[in-house]
Amino acid sequence: DAKTTQPTSMDCAEGRAANLPCNHSTISGNEYVYWYRQIHSQGPQYIIHGLKNNETNEMASLIITEDRKSSTLILPHATLRDTAVYYCIVNGQNFVFGPGTRLSVLP
Amino acid sequence: DVKVTQSSRYLVKRTGEKVFLECVQDMDHENMFWYRQDPGLGLRLIYFSYDVKMKEKGDIPEGYSVSREKKERFSLILESASTNQTSMYLCASSPVGAGRETQYFGPGTRLLVL
């Protein structure tokens, strides 16, 4: 399974866009990129996933580079409730959740 | 909404005790998973199941077993609890599909083994 690299932590001002990067340089052609988040004391929550094309849903947008070696999760208008740990995952046979990025949305 | 429920939010057990963690999902999902989560280590897969009575080892199965007698229920068993099994345990389920789509997680069980 491909490994992912994310920054340990990021801050974002409330109301601004939060851009969370992820590197997955060893991703193979049939592997999807998934994003989950985990708010304190809760189970992880699915956000979005993609293969090659950019994706958007009601929660976020996912931008995948053309070579698929990296991606960015965009929360367009971050709120205090978006404070969480965000996990970028490349699927293979099993999901592997790394340490993720701790996003703090500041008032 | 998919609901994944776990039998306890908090559990305290003694070393050597047999511990059962129960997970139930209400969306008729084929796949079910057990993870543990520890600070600095992220989530690690213990066991998963693709069907009733079927189980597969994940990355860290030692010290654990599982049971899937019914489609909606997936149990994690610690035969003889040890202090290094103190952790947050998370259950998840997902439907069959390309890329195994999304996983839906329960709220977690915080287990403390004394």
Side-chain angles (χ1 to χ4, degrees), chain A residues 1-9 20 22-24 27-53 55 57-60 62 64 68 71 73 84-103, chain B residues 1-10 21 23-25 27 29 31-50 55-61 74 76 87-111:
Chain A
D1 290 354
K3 301 292 185 202
T4 62
T5 304
Q6 299 177 253
T8 303
S9 64
L20 293 95
C22 180
N23 287 322
H24 31 79
I27 192 171
S28 62
N30 61 347
E31 289 183 316
Y32 285 76
V33 180
Y34 289 78
W35 283 83
Y36 285 76
R37 72 179 182 184
Q38 189 172 21
I39 296 168
H40 182 63
S41 295
Q42 298 181 24
Q45 175 189 22
Y46 164 81
I47 301 173
I48 198 167
H49 74 283
L51 183 63
K52 294 181 181 178
N53 300 321
E55 302 288 344
N57 64 17
E58 66 277 5
M59 289 183 68
L62 174 62
I64 303 173
R68 302 212 322 124
S71 61
L73 179 75
V85 178
Y86 287 77
Y87 297 99
C88 168
I89 302 151
V90 174
N91 82 309
Q93 186 174 3
N94 298 316
F95 279 110
V96 177
F97 285 68
T101 296
R102 185 172 297 277
L103 175 69
Chain B
D1 278 357
V2 174
K3 286 282 192 321
V4 180
T5 57
Q6 296 182 230
S7 49
S8 306
R9 289 302 304 273
Y10 301 93
L21 302 182
C23 175
V24 178
Q25 50 95 3
M27 281 301 291
H29 285 171
N31 306 322
M32 296 189 75
F33 309 84
W34 273 107
Y35 296 87
R36 62 177 283 176
Q37 184 176 32
D38 301 287
L41 296 177
L43 271 73
R44 293 180 290 168
L45 181 64
I46 305 171
Y47 267 97
F48 59 101
S49 169
Y50 288 130
K55 59 186 178 185
E56 292 285 344
K57 292 181 180 179
D59 300 318
I60 51 163
F74 192 35
L76 180 69
S87 188
M88 165 78 110
Y89 289 88
L90 289 157
C91 174
S93 73
S94 73
V96 170
R100 284 203 285 119
E101 304 299 318
T102 63
Q103 291 194 27
Y104 297 87
F105 283 84
T109 296
R110 284 200 179 276
L111 173 65

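Note that the structure is predicted; figures quoted are calculated from it, not measured. Protein chains get the first letters and strands the later ones, always in sequence-line order, with residue 1 at the start of each.
Annotation: side chain of A/Cys22 is not in contact with side chain of A/Val33 (no heavy-atom distance under 4.5 Å). Looking at A/Met59 and A/Arg37, their side chains come closer than 4.5 Å, going by heavy atoms from C-beta outward. When side chains are defined from C-beta on, B/Leu76 does not count as touching B/Phe74, because their heavy atoms never get closer than 4.5 Å.
Using a 4.5 Å cut-off between heavy atoms, B/Arg9 contacts chain A through its side chain alone, with no backbone atom that close. With a threshold of 4.5 angstrom between heavy atoms, B/Gln6 does not approach chain A through any atom at all.
Per-residue heavy-atom pair counts under 4.5 Å with chain A were compared for B/Pro107, B/Cys91, B/Gly108, and the maximum is reached by B/Pro107.
For the residue pair A/Tyr36/A/Gln45, the side-chain donor-acceptor check at 3.5 Å is not satisfied.
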